[in-house]
Amino acid sequence: MSSNVTLPVAEEFEPRIVAFFCNWCTYTAGDLAGAARLAYAPNMRVIRLMCSGRVDPEFVLAALRQGADGVLIGGCHPGDCHYREGNYKCLRRFQLLCKFLRQMGVEEQRVRLEWIAASEGDKVQKIANEMTAQLKLLGPLRLQITPRVNGRPRAAECPPAPTKGVAP
Amino acid sequence: MSKPKVGFYWCASCGGCEESVVDLAEAILDVAAAVDFVFFPVAMDFKRSDVEAMADGAMAACMINGAIRSSEQRAMAKLLRRKAQILIAYGACSHQGGIPGLANLFDRQSILQTVYRDTPSTVNPGDIRPEASTRIPHGEVELPVLDEQVKSLDQVVPVDYYIPGCAPPVQLLKDALAAILTGRLPPKGSVLAPDKALCEQCPRAPSKPDNLLIDQFKRPHLERIDPEKCLLAQGFLCLGPATRGGCGWACINANMPCTGCLGPVSRTRDYGGAAMSALASLVNSNDEAQIAAMLETIVDPAGTFYRYGLPASLLFARAGANADKGGHEP
Amino acid sequence: MSHPRITWRVKYQEDLDLAFGREIAARPGGEDLYRCIQCGTCSSTCPLSIYMERTPRQIIAMARAGFKDEVLASHTIWLCTSCYACTVDCPKQIKITDIMYALKQKALGEKVYPARFPIPVLAKEFFQAVRRTGRSNESRIVVRMFLQTRPWKLLGNIRLGLKLLRRGRLALRREKMDGGQAQLRMLLQTTRRLENQTPARSPPLAESH
Amino acid sequence: MKYLYYPGCSLKGSGRPYEESLLRLLDRLGVEVAELAHWNCCGATAYMSVDEVQAFALAARNLCLAEACGGPGDAHLIAPCSACYLVLNKAQVYIRQYARIGQVVAEALRAAGLEYHGRIKVRHPLDVLFHDVGVERIKKAVTRPLQGLKVACYYGCQVVRPYATFDNPYNPMVMDHLLRAAGAQTVDWSLKARCCGGTLTGTMEEAGLRLSYILLKEARTQGAQVVATACPLCQFNLECYQDRMQSRFGDGIEMPVAYFTQLLGMAMGIPAGKLGMERLLAPQPAIPIGPPGAAVKGEI
Amino acid sequence: MIMPIHDPVRIGVYVCHCGMNIASRVDVEDVRAFAQSLPGVAAARTYKFMCSDPGQEMIQKDIKEHGLNRVVVASCSPLLHEHTFRRACAAAGMNPFYLQMANIREQVSWVTPDRAQATRKARALIHAAVRRVADHYPLAKERVNVHPAILVVGGGIAGIQAALLLANAGKKVYLVEREPSIGGHMAQLDKTFPTLDCSACILTPKMSQIRTHPNITLWTYAEIEEVAGFAGNFKVKVRRKPRYVKEELCVGCSECVSACVFKEGRVSDEFNQGLSKRKPIYMPFPQATPNVVVIDPRSCLKIMRGKCAMKCVEACLRAAIDFEQREEHAEIEVGAIILATGYRTFDARKIPEYGYGRFPNVYTMLEVERLVNAAGPTGGDITLRDGARPQTVGIIHCVGSRDRRHHPYCSNVCCMASLKMAHLVKERTGAEVFNFYIDMRATFKGYEEFYDQVLREGVQFIRGRVAEVTDWAIRSAEKGKLVIRVEDTLVGVVRRIPVDMVVLATAMEPQEDAAAVQRKFNISCSQDGFFLERHPKLGPVSTFSDGIFLAGVCQGPKDIPASVAQAGAAAAEALCLVDKGFVEIEPNTAFIDEAACSGCRTCIPLCPFQAITRDAVKGVAVINQALCKGCGTCVAACPSGAAGQNMFTDAQIYDEIEGVLADV
């Protein structure tokens, strides 16, 4: 590499946030934020699940691996879960996952669990903005690169076969 | 017809994998009769130059145990990959990074600092560190360079099969050898072990209640362990539900919980993530503070859930300023 | 009898300064300015509104409509004694006392308060005294204020001053800190420097409900 | 518990009797206090009108100093002047709530070699006496009860709102309870927390004096024999301008105005001289003092 | 279950402009071109209104002509139009579960002001949907029969109206009310605005219809204990509190009340807002339905101390009094539930400036309603506590409403209620009446006309929120009066107005136990604590729990006409569900891949619906599809990837993660 390459002017770092929202409370709150035209940072991308209890820590890790700088999990307030206790199961896993993430040098602001009721459109706005601002301060998540060799990926890295309809 | 040529090499490992070959006992004679060892540094006096002299693909199969952490190991892995038709990652370190992989919680700098300066037993007044090359009166000598991180074999070269375990159970080795010799191998990329979790057929399975929730996590060295009852039901962190079976319940039979050396089943993306999800879900409380208090007793999640596979996990290593580059996987 | 003098009164939009309201709203405590529903609670709870030519409610309406000159020249903002009654009673939780502070600062900054008007002078004297010595010295500040605004009033206060002096409640010597002046100077200088760089006029991080 | 004491500028000047009586009172009750060394002006009201961030920086320095001598846990800082009490509390809230103020103040503190961790609890003497010392202990310490002296407890504004949480901002009662424990009778009146006019008494007499006048007049209407205050500025306004009110409003208000600490001290038999009673300008309250050793009777 | 598809994936992507809702912020043409470039996409189009008939026809045409086997619609929230597009796909012969929506309106155009950023985010969401839809597989909805009975909770005007409509339609209705009588707040009112009809006159006939209707089972003094099941098949446990009077025997003669050992009332009368006293045995109010007395266990000597002369038992000729009565539990099955649990009024003590509880002559509106009522404690005389007639009365609006310290919302009815009260007070007492308002809201039929009438009657209106009600008198005319201090904002001057009586128009607020009820019925609350409707415009009486509907103030402050209208709407919705006879269940259930399950049983205790059991023979977990509600908790917990969830498989979610993160 020659050393006199002109670098492009550094753009402001735009963090990428993957959000897992439960269908009944938080996703609805997101819709409400939209209906109320509450503008917020465009960095958060929402994946709808039926319940925060569906959030597998592997999803969070996969999102970070795939380039997310932050992950937000949104569920119903304690006691309000549409499925009675899914949000509590999520809370249990989240706490253990966080402990592990701290060991791995992932700052606590990057992975958050928030209870957002269907009526709290403003909370979606607030948290999206807040998290974006915090991640901008933190900068990109600097995960170490695992060089992927040309060969076949390990079985454990293959997309699980049985649920796949057809190879794209 | 000449016997198939076979190699066996070690990288960052403890030697346990070699022991597991010795554990074949008399069966090793059958192996010796069936194959021709052309490279086996722990047992036979072949040199690297002998391998370099071989034609590419000259070996029918080569097994490598141990993780990859140094320039020499990387070079040998690449060399053996070229020479072998089938490259097998043998043992947990080669398969997933193994216990040496836990070094990925630290950076190289701090590891060297600890070893060459900070440990109480170190006497190193000149703060001398290993150098890649050193001038001595007789000329220049070279040492392998330590990589920034520990990697599994397949993070360095393409791997055809994996024999899991720390060390691999004898039966898996026997089955693998038989498969190689008969040519009845599964699709490439397979782990040569059953694809169901250890709980299946576990001798203690009948004692596991259907509605098990956990009130307290216990640590095996601090408590008496009931030798009959499901270990998880006793509150010990047994990773059997998340771990690939095939070990013959060696630890369980020794009254110790599974620590996960055979790694995940094929449907899991991140072994520790899956194990944490299952175990944390079973915490018998909905109160934030109480959950936290219970999880307090899991003092080292990384060491508990990624004991044998941090490099193969989705996060690979501790994030931070010493990343090779600021970016993400391409 | 002469006819009553009639004048016409109209405000043209171009004579208003809409940025003024936004600027006040951007100051700490001003964030809810535009939430005002003109209910008048502030005016009626204010013990001094009866002296104001414009009630606090009107000041808020005028500030956000851009009546900058009228608002800054108004006595209202200087009559506020910071008793916080309006802030506590406002149904929209507008921090009216803080808005009054912001308007006072703005008026001082733009020097638009009436000449010889004692209240802003007192504020400034107080500010100067603390900058110099780290503490306020009541008697000196008051004397300086009267000298600048209404020197004749000073005479009337001499009797009170003497009474207090006799009872040991008037310190003639300059009240000083018992050490730490250099540190304080450093603190205030740095604050001023930082403020000049980027004014600390950002909305609050999180609102507590 | 040990407390730090932040006098503020007034208690060293016109508010001297407040300081004298407060310290004697706390001493009598066995409450240990130590004056904060090297303190500076709190940054109160007038300062806020010029530059509020500097005001917060001033307040923050005092908090830092207090934290530094308070040891590792939370420390309690007693601020008897209402303005100091408010500003020290407000600074804590604003530094936390407004990111930019917090940053500027933190950086300026760093430049001055200071750091604030938020471990200071700013307390008013009313709060400490009522919630920490307690009415029972005060009752026990009373040796010469005030024998039904009719007191109008005047709290003023900044000690009850908006940052105080120790009493009801609309109808505060803490001082009433304390003085009743000393045997006084307190009058129920609506202007307890109404503004005294603040510095307007000196700058805009018509408005400022009238506010003070209204208070005294209503206190008298309700039958009070003395007005008790908890703030040096309130006390000054209500006491020192009585002759001027007379000439302006043509209605003589002669009303003793004492610090509540002075009244409590009297009830505990502390000599008037030690409580700064002779420093008052207005007529001395004619306090019907009970015989030495009498206890307070009845419920408060 | 999973059925691999071997046809090559052919995806159609449809980007909606939504008029200007999306197109004004998202460069739809750019997004379309981007979608077209993605692997597997066979067609990509934009249209002004994709949900319109021509929009749907466009999709259907493409399915047929281009052989599409997957459809991505990028438009509004799936919660709004997923059904529409599924139906469209199904009509064209495609399995409707081959559809995926990308929410580029609520999640993008409505919340992202910057066009470039919005376009970028829309691309990412569409990319994720395209990646994901390739993993979809065909599914079918299951049908479950619906139980024909309906439960109405709450016997105020809304509950009464809904119950009567449904019963008249021939449905079996259970009406459960927790007070001893139905009637709710409306029974406490004297007149109703703007027509001034007598509240009791219009309500009582409806109450007696409830009592006599053959299709209605009325349980008063009863509460819902537990709700299980789902739309069409709810199982509800009801607890009936003992009233110590046999309902079927009592005829409401009240001889027992006269006979009670207490000669005078001793207990504050709830119905009269505490303005009068009642006895431990009492008739809640003259028109109470059922017309049955009740014994209050907290004041009855027999129940409290076990000792009493029991004159009531002697007096009852029908032997209806039964001190042995115990709590009863009933379990019912219903297909639909209507919640009409009403409201309570704001506690005016929380605004101490107004002196409620401190000054005796400060009243709440509901108290004065009882004073005005001929059946009330004063027989209809509006008097002060000392019995005198007020000469001046101040009515303060917005007490606890429009106040961020208490309730930020407008309570909707207080302006009109205050106007009505002003009229009644003026009419009955001739007093000077002042109304203190912030904004006058008289917006429905006949309301402005009523305002006009009250203005003409000479009621004084002062625009300004009262800061304080005080007894501090400055002028002699203020002595002994309550002085209202307010800025007359139209004049810009602070005024002090002495009055004899202050009436506080207190806010409507959610019932104290609204949050508990919300949890019991598994619905949501809005930020103000009232129950949340499914959609503010298009689903105003539905909730996010299918089969549960809302009527009346439990959903938000409203007046009687609006409550009655909403009750009608809720009844119609319930009727639609029950009459249809079946419900379709989303096929998002979880399943176990037996070949992968190790039988570790991690999933079993996690299921909130006990849908998972262990097959002891095979040694694997089994999920009962009828019980599974599709939360996916077991799937997330399964440590060996053996559990899966239809519509939300791991593969689909991973593809979505990769999709939203791919730099596009």
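- Residues D/Leu200 and C/Leu79 meet the side-chain proximity criterion, which asks for heavy atoms closer than 4.5 Å.
- For a residue to count as touching a neighbouring chain, one of its non-hydrogen atoms must lie under 4.5 Å from one of that chain's; by this rule D/Met204 touches chain C with the side chain only.
- Listed for the D/Gln158 side chain is a donor-acceptor partner under 3.5 Å among the backbone atoms of C/Ser82.
- The backbone N or O of C/Cys83 lies less than 3.5 Å from a partner atom in the side chain of D/Arg161, making a donor-acceptor pair.
- Contacts between C/Leu103 and chain D at a heavy-atom distance below 4.5 Å are absent for every atom of the residue.
- For a residue to count as touching a neighbouring chain, one of its non-hydrogen atoms must lie under 4.5 Å from one of that chain's; by this rule C/Tyr51 touches chain D with the side chain only.
- Separation of atoms CG (D/Asp51) and CG (C/Leu108) is listed at 10.5 Å; rounding is to 0.5 Å.
- Contacts of D/Glu205 with chain C are made by side-chain atoms alone, with heavy-atom separations under 4.5 Å and no backbone atom involved.
- Using a 4.5 Å cut-off between heavy atoms, C/Arg166 makes no contact with chain D at all.
- If you take OG on D/Ser49 and CZ on C/Phe126, they are separated by 9.5 Å, rounding to the nearest 0.5 Å.
- The parts of C/Ile119 that come within reach of chain D are both its backbone and its side chain, each placing non-hydrogen atoms under 4.5 angstrom from that chain.
- D/Arg279 contributes a side-chain N or O that, together with a main-chain N or O of C/Arg167, makes up a donor-acceptor pair within less than 3.5 Å.
- Scanning all heavy atoms of the two residues, the minimum distance from C/Thr191 to D/Ala57 falls at OG1-CB, 3.6 Å.
- Neither the backbone nor the side chain of D/Ile214 comes within less than 4.5 Å of any heavy atom of chain C.
- Both the backbone and the side chain of D/Ser10 come within contact range of chain C, with heavy atoms under 4.5 Å apart.
- Only the backbone of D/Ala44 comes within contact range of chain C, with at least one heavy atom under 4.5 Å from a heavy atom of that chain.
- Using a 4.5 Å cut-off between heavy atoms, C/Leu187 touches chain D through backbone and side chain atoms alike.
- Looking at C/Leu184, the atoms closer than 4.5 Å to chain D (heavy atoms on both sides) sit in the backbone and in the side chain alike.
- The greatest number of non-hydrogen atom pairs below 4.5 Å with chain C, out of D/Asp243, D/Thr199, D/Leu114, D/Leu65, is found for D/Leu114.
- For the atom pair C/Tyr84 OH and D/Leu86 CG, the distance stands at 4.5 Å (nearest 0.5 Å).
- Only the side chain of D/Arg244 comes within less than 4.5 Å of a heavy atom of chain C; its backbone N, CA, C and O stay farther away.
- Atom OG1 of residue C/Thr87 and atom OH of residue D/Tyr163 lie 7.5 Å apart, to the nearest 0.5 angstrom.
- At least one donor-acceptor pair under 3.5 Å links the side chain of D/Tyr98 to the backbone N or O of C/Gly29.
- Not a single donor-acceptor pair under 3.5 Å links the side chain of C/Gln183 to the backbone N or O of D/Leu109.
- If you take CD1 on D/Ile101 and CD on C/Glu195, they are separated by 8.5 Å, rounding to the nearest 0.5 Å.
- Between chain C and the options D/Pro162, D/Gly198, D/Cys240, heavy-atom pairs under 4.5 Å are most frequent for D/Pro162.
- For the pair C/Arg169 (side chain) and D/Arg16 (backbone), a donor-acceptor distance under 3.5 Å is absent.
- The two residues D/Glu107 and C/Leu194 have their closest heavy-atom pair at OE2-CD2, 3.4 Å.
- Proximity to chain C is limited to the side chain of D/Tyr170, based on heavy atoms less than 4.5 angstrom apart.
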